[in-house]
Amino acid sequence: MGTSEFAKEILKSIIDKVDVALVVSQPDSLVGRKQVLTPSPVKTFATLNNIEVFTPQNIKTDFSKIEEVQPDLIVTCAYGQIIPKTLLDLPKLGCINVHASLLPKLRGGAPIHRAIMDGLEETGITIMYMDEHMDTGDVIDKDTVKIDLDDNLDSLTQKLIVCAKALLIKTLPTLIDGTSKRTKQSDSDATYANIIKKEDELIDFSRKTREVYDKIRALDPAPGAYFTMNGEVVKVYSSEMGLGKGTPGEIINIYKDGIGIATQDGEIIVKEIKLAGKNRIKVRDYLNGIKRDNLLGVVCNEK
RNA sequence: CGCAAAUUGGAGCAGUUGGUCAGCUCGUUAGGCUCAUAACCUAAAGGUCGCGGGUUCGAAUCCCGCAUUUGCAC
């Protein structure tokens with residue numbers, strides 16, 4: 001059971017290892033400006049591989065289809081709905097979840113984004129039994145992944161996918177032969193990774209350079225961190241940390257391929273942006289089309 | 001049929017009382033300067049101004065339709 005691109009990769013890794021009887025995913029949803037009915041990545045992949053797909057609107061009440069299949073094991077990954085107790089008790093080997101953090105850290109829907117945004121140096125994958133709450137079940141196994149200073153959301157996700165596949169393949173046999181372990185989570189050590197909201201995407205220049213830098217890379221390539229300049233939305237995808245000084249939010253330097261904006265303790269140099277109505281471009285290109293001098297001294301996020 | 005903006009040489013842009021309007025900043029190619037250079041100088045190539053209609057003596061510039069991209073909403 002899963003929905004996202006990440007979950008799709010997990011499914012891909014086990015598809016030839018075990019007999020996947022049924023794939024459960026979120027219903028097709030209306031996406032984007034055109035409100036096109038789009039199936040989830042998991043559904044698309046499963047259909048392509050001739051696996052039956054079930055997409056209940058509400059799994060709490062609509063799960064008879066799953067009971068019919070009589071699964072030995074249920075594996076979920078970023079499914080998006082809470083699984084009812086009846087279903088949790090159904091498979092004899094249990095219901096396990098693949099979560100992209102080192103639980104009990106970063107419980108919730110956006111563990112990868114938050115790991116980078118919080119400036120962590122490592123995160124990882126946890127495989128756990130599910131219970132009736134969000135990411136609170138007993139841990140079976142976990143593995144650590146390092147976060148490099150130049151990782152962004154995409155690169156870290158790729159690393160985690162590799163890690164998750166390996167860990168799952170290692171774990172599955174132990175579940176089947178009963179040698180797997182089971183460790184309770186320490187609730188007092190728990191932290192939470194809430195899903196990213198619009199206000200989480202706004203860059204706050206009154207914070208430290210490193211925090212701004214982390215936010216930008218945590219949201220690259222999507223949905224993108226942003227700030228406003230002369231009332232226009234500017235999304236930022238890549239940046240570097242600099243040492244300039246100035247009032248937070250003020251543009252203090254124009255480089256050949258970057259714009260330096262003052263933060264609380266330094267300067268963030270944005271390198272790749274997207275303006276309203278435009279495509280993602282390098283700041284170098286952006287600077288080719290405008291009068292550079294007009295930018296100096298502009299204070300961002302005003303108005 | 002959610003709201004809105006954009007579409008000009010390889011890139012980013014300028015260009016509306018419609019008539020030198022095809023231009024700027026880069027890039028590219030060739031040559032030069034230099035110990036050397038991503039720095040500087042000179043020259044050149046490169047555009048059916050998104051597509052299709054319409055108005056007009058004449059449209060990148062006005063009107064209608066379509067496509068694509070993007071912001072917001074969802």
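Each chain gets a letter, A, B and so on, in the order its sequence line appears, and its residues count up from 1.
Whole-Å rounding puts the A:L275 CG to B:U69 P distance at 19 Å. Between A:I290 atom CD1 and B:G12 atom C1' the separation is 10 Å, expressed in whole Å. The CD1 atom of A:I273 sits 12 Å away from the P atom of B:G12 (whole-angstrom rounding). Atom P of nucleotide B:U70 and atom CD of A:E232 are separated by 17 Å, given to the nearest angstrom. Spacing between atom CZ of A:R280 and atom P of B:A6 amounts to 24 Å, rounded to whole angstrom units. Atoms OH (A:Y255) and P (B:A38) sit 23 Å apart, rounded to a whole Å. Going from atom CG of A:N279 over to atom P of B:U8 covers 11 Å, rounded to whole Å. Atom-to-atom, CG of A:N230 to C1' of B:A5 comes out at 17 Å; the value is rounded to the nearest Å.
The only option from A:T174, A:L175, A:I169 that meets the side chain to side chain contact (heavy atoms under 4.5 Å, CB included) definition with A:L172 turns out to be A:L175.
Nucleotide B:A22 forms no Watson-Crick or G-U wobble pair with any nucleotide shown, as no partner meets the under 3.5 Å limit on both distances. B:G2: Watson-Crick or G-U partner is B:C72, with both key distances under 3.5 Å. Remark: B:C66 base-pairs with B:G50. Criterion, Watson-Crick or G-U wobble with two distances under 3.5 Å. In this structure, B:G31 and B:C41 make a Watson-Crick or G-U wobble pair, each of the two defining distances being under 3.5 angstrom.
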Between N or O atoms, less than 3.5 Å apart, protein on one side and nucleotides 21-29 of chain B on the other: list the pairs.
{"from": "B:U25", "atom 1": "O2'", "to": "A:N288", "atom 2": "OD1", "distance (Å)": "3.4"}
{"from": "B:U25", "atom 1": "O2", "to": "A:N288", "atom 2": "O", "distance (Å)": "3.3"}
{"from": "B:C26", "atom 1": "O4'", "to": "A:N288", "atom 2": "OD1", "distance (Å)": "3.4"}
{"from": "B:C26", "atom 1": "O2'", "to": "A:N288", "atom 2": "ND2", "distance (Å)": "3.4"}

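For A:K235 and B:U70, the shortest distance from a side-chain N or O to OP1 or OP2 is not below 4.0 Å. Side-chain N/O atoms of A:K278 include one lying less than 4.0 angstrom from OP1 or OP2 on B:C13.
Note on A:I281: only backbone sugar-phosphate atoms sit closer than 4.0 angstrom, heavy atoms only; bases stay farther off. Across all strands shown, A:K282 has no heavy atoms under 4.0 Å from either base or sugar-phosphate atoms.
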Checklist entry - Given A:D214 and A:R207, is the salt bridge (Lys or Arg N to Asp or Glu O under 4.0 Å) satisfied, shown in steps? => result CA-CA 11 Å; A:D214 286 339; A:R207 304 189 80 90; over 6 Å; no
Next on the checklist: For A:L120 and A:L106: C-alpha separation, side-chain torsions, deciding distance, then whether side-chain contact (heavy atoms from CB on, under 4.5 Å) applies.
Outcome noted: CA-CA 11 Å; A:L120 303 183; A:L106 299 173; 3.8 Å; yes
Next on the checklist: I'd like to know whether A:E232 forms a salt bridge (Lys or Arg N to Asp or Glu O under 4.0 Å) with A:K278, so could you lay out the CA-CA distance, the side-chain angles of the two residues, the decisive distance to 0.1 Å, and finally the verdict.
Outcome noted: CA-CA 12 Å; A:E232 296 270 302; A:K278 299 292 166 55; over 6 Å; no
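B:U29 and B:C49 have their P atoms separated by 28 Å, with the value rounded to a whole Å. Taking the P atom of each, B:A43 and B:A4 are spaced 48 Å apart, rounded to whole Å. Across the C1' atoms, B:C13 and B:U7 are found 13 Å apart, a figure rounded to whole Å. Taking atom P in both B:G58 and B:U42, one finds a spacing of 42 Å when rounded to whole Å. Only the P atoms considered, B:G32 is 47 Å distant from B:G71, to the nearest whole Å. Rounded to the nearest Å, the gap between the C1' atom of B:G54 and that of B:G9 is 28 Å. Using C1' as the reference atom, B:U25 and B:C3 are 34 Å apart when rounded to the nearest Å.
Considering all non-hydrogen atoms of both residues, A:L149 and A:Y213 come closest at O-OH, 2.8 Å.
When side chains are defined from C-beta on, A:I125 counts as touching A:L160, because their heavy atoms get closer than 4.5 Å.
Listed nucleotides: B:C72, B:G71, B:C13. Nearest to the side chain of A:A276: B:G71.
Defined by atom type and a distance below 3.5 Å, a donor-acceptor pair is missing between the side-chain atoms of A:T3 and A:S40.
In the displayed structure, A:Q57 atom CD is contacted under 6.0 Å by at most 12 heavy atoms of other residues, nucleotides or ligands.
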